[in-house]
Structures are given as structure tokens and as C-alpha cells.
Amino acid sequence: MGEEKAGDNIRKKRKEHAKESMRETVMHPIAPVFDPDSNVLILGSFPSVKSREQGFFYGHPQNRFWKVTAGVCGETVPQTVEEKRAFLLRNQIAVWDVIAQCEIKGSSDASIRNAVANDLSEILSIAKIRQIYVNGKTAEKLFLKYTAPVIGRTCICLPSTSPANAAWNLERLMEAWAQIRS
């Protein structure tokens, strides 16, 4: 029985090591969206595989970011990258992510290691950002660790629009996110 348990532990450690080795170092490929009129900055953690493939934020079809922000702003949900960019600028919303580079496995925020933060100074020097919001607890944790000490500003954590946050339906998300319009 003891040998069997030891074998199970060895197999478990090998499996964990294999998972770790599947992590890759990725540079953030998407430029921030903002202009001088942006007054709200929404930061995610790091773009998903789908977002990186599309070259724009919140590209996974199950992510509710675009439905939530469009609903809060009283607009139809933008579909194309051009429509999404125009929607953000029209509503004075800047969007970027906390992390510029990290080791990550797929789209898993939980797998992020060796993170390097994005430099927000350009956005904050050009735009009139009155409030910084983060999209979910992981973005908040990363912001507090890497960004807040550098810029000396706080953030408000909004519930994640990720499909992994199944506890929050679209209606509840829109209620919580309504504060971006205040």
C-alpha cells in the first residue's frame, strides 16, 4: 500500500511539473485604448488567448465585458474591433491591462508568474482619468502589487466579466458596473 501511494505522489508531481512547463512567456500585444477625453480607466489582468489572437481586448465570445459596458452606456453591443474602439472612446473609457509581460499557461490568470507591469504614465499624463477600475480580483491583486505603489493611486474592483465568474449574471454585473458612468 505504501509503495502504491508513493507511486501516486510521483505521478502527481510529474503531472504538476508538466503543467508548469506548458507555461510560456508572453508579451502584451495590444496597445491601450484612450484619448485625452478618457475619464475612466478599466484594467484587466492580461489578455486571453482569444484576445491575443484578435489583437483586441475581451475577445473571448463568452466574456461579458462588451455586453456589460454597452448596457451600462445605453448602447448596442459593438461587434468589430473598430466598433469596440469607437465605443470606448465615445464613452470616455480607456482600457488596458495591468500586466505587460508574464509567464502564463493559455488564458489562466491563476497561472501568471514573473509578471512585469504596464507603464500607465502615458495614459495618466494625457487622459483626464478620474477613476481607475479593475476587472476582477486577479486584476486587483496585480494592480495593488505592481501598479499602485508606482502611481500612487487606488482602484475600485468590479466583478469579473469572465465566464469563469458564473456567480454573477449579466443583470448583476451591469448593476455593479453602472458606477463607471458616475
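By the 4.0 Å N-to-carboxylate-O rule, Glu82 lies too far from Arg85 to be salt-bridged with it.
Taking the six-membered ring where the residue is Trp, Tyr58 and Phe65 present parallel rings, their angle staying beneath 30° rather than reaching 60°. Below 30°, between 30° and 60°, or above 60°: for Phe56 and Trp66 the angle between ring planes is below 30°, a parallel geometry.
Ile99 and Val49 are members of different hydrophobic clusters when ILVMFWY side chains are connected at heavy-atom separations under 4.5 Å. No continuous path of ILVMFWY side-chain contacts below 4.5 Å connects Val116 to Val134, so the two sit in separate hydrophobic clusters.
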### Task
Apply the test side chain to side chain contact (heavy atoms under 4.5 Å, CB included) to residues Ile180 and Ile93: give CA-CA distance (whole Å), side-chain angles for both, the deciding distance (0.1 Å), then the verdict.
CA-CA 9 Å; Ile180 70 171; Ile93 300 170; 4.1 Å; yes
### Task
Please report the C-alpha distance between Arg52 and Phe46 in whole Å, then the side-chain angles of each, then the deciding distance to 0.1 Å, and finally whether the side chain to side chain contact (heavy atoms under 4.5 Å, CB included) criterion is met.
CA-CA 9 Å; Arg52 295 190 306 259; Phe46 192 76; 3.6 Å; yes
### Arg64 and Asn165: CA distance, side-chain angles, deciding distance, side chain to side chain contact (heavy atoms under 4.5 Å, CB included) verdict
CA-CA 10 Å; Arg64 298 165 290 177; Asn165 185 13; 3.9 Å; yes
### Task
Show your working on side chain to side chain contact (heavy atoms under 4.5 Å, CB included) between Trp96 and Val33 and close with a plain yes or no.
CA-CA 7 Å; Trp96 210 15; Val33 175; over 6 Å; no
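Nearest heavy atom pair, residue Ala139 against residue Leu43, reads CB-O, 3.8 Å. For the residue pair Lys145 and Pro149, the shortest heavy atom distance occurs at O-CG, 3.7 Å. Taking every heavy atom of both residues into account, Ser51 and Pro47 meet most closely at CB-CB, 3.8 Å. Looking at every heavy atom in both residues, Glu140 comes nearest to Cys155 through CG-SG, 4.3 Å. The two residues Phe34 and Ser38 have their closest heavy-atom pair at CA-OG, 3.5 Å. Residues Lys84 and Gln79 approach most closely at CE-O, 3.5 Å, considering heavy atoms.
The side-chain heavy atoms of Val40 and Ile129, taken from C-beta on, include no pair separated by under 4.5 Å. A heavy-atom distance below 4.5 Å is not found between the side chains of Val98 and Thr138. Between Leu173 and Pro159, the closest side-chain pair of non-hydrogen atoms falls below 4.5 Å. Contact of the Cys73 side chain with the Phe87 side chain is registered, since non-hydrogen atoms from C-beta on lie closer than 4.5 Å.
By the 6.0 Å contact criterion, CD on Glu122 is open, its count of non-hydrogen atoms from other residues, nucleotides or ligands being 12 or less.
With rounding to the nearest 0.5 Å, the separation of NZ in Lys141 from OH in Tyr146 is 8.5 Å. One distance of note links OG1 of Thr69 with CG of Asn91; it measures 8.0 Å at 0.5 Å rounding. Note that OG of Ser121 and CD1 of Ile151 are 10.0 Å apart. Values are rounded to the nearest 0.5 Å. Leu158 CG to Lys137 NZ: the interatomic distance, rounded to the nearest 0.5 Å, is 10.0 Å. In this structure, NZ in Lys67 is found 6.5 Å from CG in Leu170, a value given to the nearest 0.5 Å. To the nearest 0.5 Å, the span separating NE2 on His60 from NZ on Lys50 amounts to 6.5 Å.
Checked by atom type, the side-chain pair Gln101/Asn118 shows no donor-acceptor distance below 3.5 Å. Under the 3.5 Å distance criterion, with hydrogens and angles disregarded, a donor-acceptor pair is assigned to the side chains of Thr161 and Asn135. Between the side chains of Gln92 and Asp37, no donor N or O sits under 3.5 Å from an acceptor N or O.
Between the side chain of Glu103 and the backbone N or O of Thr25 there is no donor-acceptor pair closer than 3.5 Å. Without hydrogens or angle criteria, Tyr133 side chain to Gln179 main chain gives a donor-acceptor distance under 3.5 Å.
Among residues two or more places apart in sequence or in another chain, the side chain to side chain donor-acceptor pair (under 3.5 Å) test is passed with Ser45 by Asp109.
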